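The analysis underlying the following values was restricted to heavy atoms, covering all of them including side chains, and did not include hydrogens, waters or symmetry mates. Remember, predicted model here, so these are calculated numbers, not experimental data.
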Amino acid sequence: MSKTLEKVMSDALELPPALRAFMAEKLIESLDSSDVPALSSKWKTEIRRRSMEIDQGIAKLHSADAVFKKAFASLS
């Protein structure tokens, strides 16, 4: 392990728990975000539309358990 990494880790471990959690979250996000393409304007519009429907109570939501149960049933 490099001296720089050891110093960064040492400094990070001295931070208050909330800041350590924030830092950990940002590090994990950085692992996932490098290969993710940007959303097109059409997808952004669709996301806003669906979010608005959820907020207004128009969309019918299903629990994850129900969705997975239906999906697994369709496989058998």
Side-chain angles (χ1 to χ4, degrees):
M1 191 178 328
S2 73
K3 293 290 181 188
T4 303
L5 180 57
E6 288 177 12
K7 174 73 172 130
V8 169
M9 285 179 39
S10 174
D11 289 348
L13 290 172
E14 292 177 11
L15 294 171
L19 290 177
R20 288 196 318 265
F22 177 77
M23 178 179 260
E25 181 180 341
K26 292 302 173 188
L27 287 170
I28 291 169
E29 283 177 4
S30 75
L31 296 174
D32 294 335
S33 64
S34 62
D35 296 334
V36 177
L39 293 174
S40 70
S41 62
K42 287 183 179 182
W43 266 116
K44 289 178 183 178
T45 300
E46 180 66 12
I47 291 167
R48 283 189 205 99
R49 182 188 68 77
R50 292 181 188 193
S51 295
M52 188 172 47
E53 288 180 357
I54 291 169
D55 291 343
Q56 294 175 349
I58 297 169
K60 183 175 180 185
L61 303 179
H62 304 276
S63 72
D65 288 338
V67 171
F68 285 117
K69 183 176 181 180
K70 183 177 179 180
F72 286 129
S74 72
L75 296 174
S76 50

Are any non-hydrogen side-chain atoms of Leu19 and Met23 less than 4.5 angstrom apart? no
Would you check, one step at a time, whether the test salt bridge (charged side-chain N to carboxylate O under 4.0 Å, His left out) holds for Glu53 with Arg49? CA-CA 6 Å; Glu53 288 180 357; Arg49 182 188 68 77; 2.6 Å; yes
Would you compute the distance between atom CD of Glu46 and atom OG of Ser41 and round it to the nearest 0.5 angstrom? 12.0 Å
Would a 4.5 Å heavy-atom cut-off, applied to side chains only, mark Ser10 and Glu14 as touching? yes
Pairs satisfying side-chain hydrogen bond (donor to acceptor under 3.5 Å, both in side chains), at least one member in residues 17-28, at least two apart: Lys26-Glu29
Under 4.5 Å side-chain linkage, directly or through intermediates, the cluster mates of Ile54: Leu61
Listed partners of Asp11 passing salt bridge (Lys or Arg N to Asp or Glu O under 4.0 Å), at least two apart: Lys7
